[in-house]
Amino acid sequence: MDLGKLKQRGEYEWELPQTGAMRVPGVIYASRALVAAMDEKVAEQVANVAGLPGIVAASYAMPDAHWGYGFPIGGVAAFDADAGGVVSAGGVGFDISCGVRTLLTGLKRADIERAQARLADVLYARIPAGVGSTGALRLDAKSMEAMLKGGARWAVQQGYGYEADLAHIEEHGCVAGAEPAAVSEQAKKRQRDEMGTLGSGNHYLEVQVVGELFDAAAAQAYGLAVGDVVVSIHCGSRGLGHQIGTDYLREMVVAAPAAGIRLPDRELACAPLKSALGQRYLGAMRAGINCALANRQILTHLARQAFAEVFPGARPPLLPLLYDVSHNTCKEETHMVDGQQRRLFVHRKGATRAFGPGHAELPAEYAQAGQPVLIGGSMGTASWILAGAAGTEERAFGSACHGAGRAMSRHEATKRWHGRALIDELAARGILIRSPSWRGVAEEAPLAYKDVGAVVDAADRAGLARKVARLEPLVCVKG
Amino acid sequence: MTLRWELFPHEADVGVRGRGATLAEAFAGAATALTAVICDPAKVGAGEAAHFACAAPDDELLLVDWLNALIYAMATRRLLFSRFAVDIADHRLSATAWGEPVDVARHQPAAEIKGASYCELAVRQEPDGSWLAQCVVDV
């Protein structure tokens, strides 16, 4: 990105001044090197979002921002319904509530190393992953509706996991206001046999070891020590969320002109919050969030079964949940803006909610540390656990980065690497990969992603989220 | 007829592009590119047929509708498609696609496609009279 068009506000804060159709300025939180490496399209997309009706304060981009569709990936924007604000299906994206959850195992690196290949095989056998995979669960119309309303709470009621898990999920595992009737029959059909599946692309289940700690107090609150083994699951709302995105993008694109909304990019498709379409989308999108939360809850259950098989004799609760974060969402939240409390609809597209210490939404055990912010790396590289920083609500409505972000297209990655060779290379470094597709592995090659370390450093120094722990991969199941 | 198709880079995802002497050929090419996002289209059989009908206010939306109809059929019927016969008139499409069920070992599917986006969406006639149809798909 051309730094000439930006005004530097601080070492890690850059302003894209308000020009043309922008209603607010853009703000990018990143180091000079990360901003310079961003595509020009990021600035264009930040500016386009800044032009949407009812946007409040600024159009934000996180340190891992990259060229998305409509919104940049790593984009955050809040809208006020009373000021003509909108909800954007494009601003949430296709994979509604794609997110990460991390489970504690109570095991140490040496425990895993004694059974690493077997654990990899058992996880791969139990976790449905990849194109065309199906889960064991079949949902009829009644159970589909209950799942869409109940999210992870529904899953726990069905026997997938513990009641205690729910306190460590955003909105306690169940978003209010879900409207199953606003979800098309096609979306429901697409989901019928996809509950408890990982998906493909950049989705994974990874066994990781804590390599280094950066914040002893937060690490203690989160139950992390060096050498501890954790499990992280990255996936979303599967076919149901994808179809909700498809359905409502189409409807909002067509309806926008009549609502007086000029779309500089059709992918920014949106509808006024105070419109029947906007409300219907919110109901469907919340059902999509609940679907993602239920899906990750079922996958958690499958991971617990796998660990119980490989490491028998452990006493419950097995693999307690550290936390579950969602990336692609629009959430109604209260924020202070210019000294006034306002109810806002915060879009986070490829960005994580990162509430700071003392926030009312946090469980008591994390109140002092702040919300755990789980950052997925790429296969074979580090992942990170951060904590929402004090004052982060004033920076980007309590948001932080979500991952490394691609540095290279999938196409380029397959030209440079071969899946089999990559798997062998990673195995030689003690990282076992299990995947049905070699090409899929090549497309997700570690070097096809940006340096996640630079991204989390920027998030830390920009005051979005503090570094707590670096995680190193031991086993990765990829779709 | 050899369909002309290609994938084009996008930072997070991938673009599909079809070209042809007619609009319908370009749409068929884009459909082949859609399969290529997942696996090598040459490795996909053509034993099973699926029929499609879409209508849209303009040809760009029609392309998105067509690709999303294929994505939906692939997801719900666990199929991959390799051959396409497309007719388009007045922003209405009718088509038959032939394919086969996903065989993970043989097809090595790299990624499922979540949806066709409006990003880099273009349907146009080029100066030489040929047609182009493209957009980015989310994987």
Side-chain angles (χ1 to χ4, degrees), chain A residues 38-39 41-42 66-70 73 90 93-95 130-134 186 189-190 192-194 199-203 236 238-239 241-243 245-247 249-250 253-254 263 265-269 350 405-412 414 419 436-444 479, chain B residues 6-16 33 35-40 43 54 56-58 60-62 64-65 67-80 100-122 135-139:
Chain A
M38 284 178 192
D39 197 289
K41 290 271 186 187
V42 175
H66 52 288
W67 177 26
Y69 5 84
I73 296 168
F94 290 98
D95 202 356
V131 178
S133 59
T134 56
Q186 284 94 327
K189 187 173 173 197
R190 212 165 148 179
R192 226 166 32 192
D193 52 9
E194 288 199 355
S200 61
N202 62 358
H203 293 165
R238 311 294 301 115
H242 309 165
Q243 193 64 36
T246 297
D247 293 342
L249 264 166
R250 170 71 153 78
V253 162
V254 174
L263 298 174
D265 172 349
R266 281 178 150 180
E267 193 63 30
L268 282 170
R406 287 194 81 91
M408 182 187 300
S409 73
R410 293 173 179 279
H411 192 55
E412 184 65 29
T414 52
S437 170
W438 288 353
R439 178 177 148 189
V441 169
E443 290 189 3
E444 294 295 321
Chain B
E6 62 187 320
L7 302 178
F8 64 91
H10 174 270
E11 203 171 1
D13 289 292
V14 61
V16 298
T35 299
V37 171
I38 306 166
C39 69
D40 180 356
K43 289 185 179 166
C54 311
D58 60 53
E60 289 191 345
L61 284 181
L62 190 66
V64 173
D65 284 356
L67 297 177
N68 278 326
L70 288 165
I71 290 165
Y72 180 74
M74 288 194 283
T76 51
R77 298 172 62 175
R78 315 270 171 215
L79 289 173
L80 292 167
E100 65 169 330
V102 177
D103 177 333
V104 172
R106 185 159 50 85
H107 295 132
Q108 287 285 296
E112 62 190 350
I113 302 173
K114 294 169 187 165
S117 82
Y118 300 79
C119 180
E120 301 291 303
L121 171 60
C135 73
V136 170
V137 299
D138 189 359
V139 293

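Bear in mind that the values here come from a model prediction, so they are computed numbers and not experimental data. Here is the naming used below: chain letters follow the sequence lines, and residue numbers restart at 1 for every chain.
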On a heavy-atom basis, which atom in A:Pro436 and which in B:Gln108 lie closest, and how many Å separate them? O-NE2, 3.1 Å
Between A:Glu443, A:Lys189, A:Glu412, which has the largest tally of heavy atom pairs under 4.5 Å with chain B? A:Lys189
Any donor-acceptor pair under 3.5 Å from A:Ser437 side chain to B:Pro109 backbone: yes
Winner by heavy-atom pair count (cut-off under 4.5 Å) against chain A, out of B:Leu80, B:Leu79, B:Asp65: B:Asp65
Taking all non-hydrogen atoms of both residues into account, name the closest pair between A:Arg266 and B:Leu61 and its distance. NH1-CG, 3.8 Å
Measure across A:Val254 and B:Pro57 and return the closest heavy-atom pair with its distance rounded to 0.1 Å. CG2-CG, 4.4 Å
In terms of heavy-atom proximity below 4.5 Å to chain A, should B:Ser117 be classed as side chain, backbone, both, or neither? both
Quick one: do A:Asp193 and B:Arg77 make a salt bridge, cutoff under 4.0 Å? no
Test item: side-chain donor near acceptor, A:Tyr69 and B:Asp138, under 3.5 Å: yes
Please round to the nearest 0.5 Å and tell me the distance separating atom CZ of A:Arg410 and atom CG of B:Leu7. 11.5 Å
Does any heavy atom of chain A fall under 4.5 Å from the side chain of B:Val64, the backbone, both, or neither of them? neither
Minimum heavy-atom distance A:Trp67-B:Pro9, with the two atoms named: CZ3-O, 4.2 Å
Side chain to side chain donor-acceptor pair (under 3.5 Å) with B:Glu112: which of A:His242, A:Arg238, A:His203? A:Arg238
Check each atom of B:Ala73 against the heavy atoms of chain A and say whether the ones under 4.5 Å are side chain, backbone, both or neither. neither
Between A:Arg250 and B:Tyr118, which heavy-atom pair has the shortest distance, and what is it? CA-OH, 3.2 Å
Side chain / backbone / both / neither for B:Ala56 at chain A, heavy atoms under 4.5 Å: both
Which atoms of A:Ser133 approach chain B - backbone, side chain, both or neither, heavy atom under 4.5 Å: backbone
Would you mind checking which part of A:Gln186 comes under 4.5 Å of any heavy atom in chain B, side chain (CB onward), backbone (N, CA, C, O), both or neither? both
Most contacts with chain B, counted as non-hydrogen pairs under 4.5 angstrom, among A:Ser200, A:Gly70, A:Gly241, A:Gly440: A:Ser200
So which heavy atom on A:Gly68 is nearest to which on B:Cys119, and how close? O-SG, 3.8 Å
Has B:Arg78 got more than 12 heavy atoms of other residues, nucleotides or ligands less than 6.0 Å from its CZ? yes
Please lay out, stage by stage, how A:Lys41 and B:Glu120 fare under the test side-chain contact (heavy atoms from CB on, under 4.5 Å). CA-CA 11 Å; A:Lys41 290 271 186 187; B:Glu120 301 291 303; 3.2 Å; yes
Which atoms of A:Ile73 come close to chain B, meaning under 4.5 Å heavy atom to heavy atom: side chain ones, backbone ones, both, or neither? side chain
Would you mind checking which part of B:Asp103 comes under 4.5 Å of any heavy atom in chain A, side chain (CB onward), backbone (N, CA, C, O), both or neither? neither
Go through the steps for B:Glu60 and A:Val253 under the test side-chain contact (heavy atoms from CB on, under 4.5 Å), then give the verdict. CA-CA 12 Å; B:Glu60 289 191 345; A:Val253 162; over 6 Å; no
Top of A:Thr246, A:Leu268, A:Thr134 for chain B proximity - count of heavy-atom pairs under 4.5 angstrom: A:Thr246
Please tell me if the side chains of B:Phe8 and A:His411 come closer than 4.5 Å, counting only heavy atoms from C-beta onward. no
